Amino acid sequence: MASLNSFADLLALADRSGRPLDELFLDEETAERELPRERVFQTFIERWGVMKDSVRRGLAGGKSFSGLVGGDARKIMEHAKERDIAGGHLVSRCIAYSIAVLEENSRMGIIVAAPTAGAAGMVPGTLLAIAEERGFDDAYTARGLVVAGGFGALVAGKAELSGAAGGCQAEQGVGAAMAAGALTFLLGGTPRMSVHAAALTLQNTLGLACDPVAGLVEVPCVVRNGFTAMLALTGAQTALAGVESVIPMDEVVEAMVKIGEAMPRSLKETADGGLAMTPTGCRIRNELYQIR
Ligand code: SF4
C-alpha cells in the first residue's frame with residue numbers, strides 16, 4: 001500500500017483523520033492505481049456482483065468434477081427452511097453461502113479469490129448473509145468489501161497468503177479475519193473494533209494445517225469455509241461487544257508467519273500429511289488417479 005504499512009499505521013491514521021476505514025483504503029487504492037476514486041469504487045461494486053453470482057450458482061450447482069463435493073450448500077439451505085436450526089437463519093446463510101462459493105470453485109466456476117480460491121467463501125458468504133438480514137444495499141455492502149480487501153492487502157504486505165507457503169491459517173485464517181473486519185465495519189463498529197475483530201479471528205486459526213485430500217481444493221476446503229465463516233461472525237460479535245485482542249493484529253500476523261515457517265512441509269498443501277494421508281484420504285487419491 002502507498003502509505004500504510006501496518007494495522008498500527010491504519011489505526012493511527014483513523015484516529016488522526018476521524019475518517020472511516022473504507023475511505024482510508026480507497027485513498028490508498030486511488031493513489032496506487034492512479035485512477036479516479038469513483039472508478040476504483042466501481043471495481044468493488046463489480047467484484048461484489050461477481051461474488052453474489054458465485055453464491056447463487058453455488059447454491060444451484062451439482063457435484064465437482066471429482067464427485068467428492070457439491071450440493072451441501074443447497075442441503076443446508078433446504079434444511080434451514082424446513083425446521084428450526086442451531087444458530088438461526090443468519091448462521092445458516094453464512095455457512096451455506098460460504099460453502100456455495102467453494103462448491104462453485106470446485107466446478108471451475110468464476111469466483112473472487114478472497115484472499116485465495118480455497119478461502120474464497122467467507123467474505124462473500126458472511127457479507128451477503130448480513131446484507132440480506134439487515135437490508136444493506138450493494139453500494140453499502142461494497143464499502144465492507146473495500147475494508148475486507150484493505151485488511152487482506154495489509155496482511156499480504158507481511159505474509160505469504162497460500163497454504164503451500166503458510167499453511168491453511170494463511171488462507172482460511174486471513175479470509176476469516178478479512179470477513180470479521182468487514183462485518184464489524186458494516187455493523188457500525190469503530191476502526192479499532194474492526195481491527196480487533198480481525199485479530200481475534202486470525203489468532204484462533206493459527207496452526208491450521210493445509211492437507212487437502214488428493215491435492216484437490218475440495219476436502220476439507222469446501223466445508224472449512226462454512227466453519228471458518230463462524231469464526232468471522234464470532235470475531236465481529238465479540239469485537240462489537242467491546243472485547244479486545246490482547247495481542248495486536250500486527251503481532252498476530254507475525255506469529256502466523258513464524259508458525260507457517262515452523263510447520264512441516266507435509267502440512268502445507270503437499271497432500272503428504274493430515275487428512276490427505278488418512279486411510280480414506282489415500283483410498284480416494286488412489287481411486288481418482290488409478291494408483292494400484
Ligand atoms: S486446506 Fe489448503 S487448499 Fe484447502 S483451503 Fe486450506 S490452505 Fe487452501
Side-chain angles (χ1 to χ4, degrees), residues 51 54-55 58 63-70 72-73 94-126 148 151-152 155-156 158-180 201-232 252-253 255-278 280-282 284-285 288-289:
M51 284 178 158
S54 68
V55 172
K63 288 282 181 190
S64 63
F65 290 121
S66 74
L68 282 178
V69 296
D72 289 341
C94 281
I95 298 169
Y97 294 175
S98 300
I99 290 177
V101 177
L102 260 284
E103 290 185 338
E104 183 61 8
N105 180 60
S106 74
R107 288 187 291 275
M108 307 295 154
I110 297 172
I111 53 99
V112 179
T116 62
M122 286 86 66
V123 169
T126 58
F151 277 27
V155 179
K158 298 280 168 61
E160 298 280 353
L161 301 187
S162 74
C168 198
Q169 56 174 3
E171 292 200 12
Q172 296 277 330
V174 174
M178 291 162 62
T201 303
L202 183 58
Q203 69 189 245
N204 282 296
T205 67
L206 294 181
L208 192 61
C210 174
D211 51 358
V213 169
L216 300 170
V217 185
E218 297 190 2
V219 177
C221 320
V222 172
V223 291
R224 188 169 283 179
N225 274 260
F227 279 80
T228 321
M230 289 302 95
L231 281 182
V252 177
V253 174
M256 183 189 81
V257 171
K258 287 190 179 134
I259 291 168
E261 287 166 359
M263 265 186 182
R265 186 181 163 279
S266 62
L267 298 180
K268 293 200 273 192
E269 212 165 350
T270 53
D272 279 342
L275 295 173
M277 289 306 284
T278 56
T280 301
C282 290
I284 290 170
R285 177 201 60 197
L288 281 173
Y289 301 125

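All values reported here derive from a predicted model rather than from experimental measurement. All ligand and atom numbering here is 1-based and tracks the order in the structure. We number each residue from 1, following the sequence as shown.
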- Carefully, step by step, assess Val101 and Asn225 under the rule side-chain contact (heavy atoms from CB on, under 4.5 Å). CA-CA 9 Å; Val101 177; Asn225 274 260; over 6 Å; no
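- No side-chain donor-acceptor contact under 3.5 Å links Gln169 to the backbone of Leu208.
- Proximity to Gly163 (heavy-atom distance under 4.0 Å) selects the following atoms of ligand 1: 7 (S).
- Set against the non-hydrogen atoms of Gln172, the atoms of ligand 1 under 4.0 Å away are 5 (S).
- The closest donor-acceptor contact from the side chain of Glu171 to the backbone of Gly163 lies under 3.5 Å.
- Atom 2 (Fe) of ligand 1 has Cys210 SG, 2.2 Å as its closest protein atom, hydrogens excluded (heavy atom only).
- Looking only at distances, no side-chain donor or acceptor of Thr228 sits under 3.5 Å from a matching main-chain atom of Ala176.
- Of the protein's non-hydrogen atoms, Cys221 SG, 2.2 Å is the one closest to atom 4 (Fe) of ligand 1.
- Not one N/O/S atom of Glu269, from backbone or side chain, sits under 2.8 Å from atom 8 (Fe) of ligand 1.
- Ligand 1 places these atoms under 4.0 Å from at least one heavy atom of Glu171: 5 (S), 7 (S), 8 (Fe).
- Of all protein heavy atoms, the one lying nearest to atom 1 (S) of ligand 1 is Arg224 NH1, 3.6 Å.
- Distance check for Cys168 against atom 4 (Fe) of ligand 1: none of its N/O/S atoms falls below 2.8 Å.
- The backbone N or O of Leu275 sits less than 3.5 Å from a side-chain atom of Asp211, completing a donor-acceptor pair.
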- Task: Please report the C-alpha distance between Thr278 and Thr280 in whole Å, then the side-chain angles of each, then the deciding distance to 0.1 Å, and finally whether the side-chain hydrogen bond (donor to acceptor under 3.5 Å, both in side chains) criterion is met.
- Result: CA-CA 5 Å; Thr278 56; Thr280 301; 5.2 Å; no
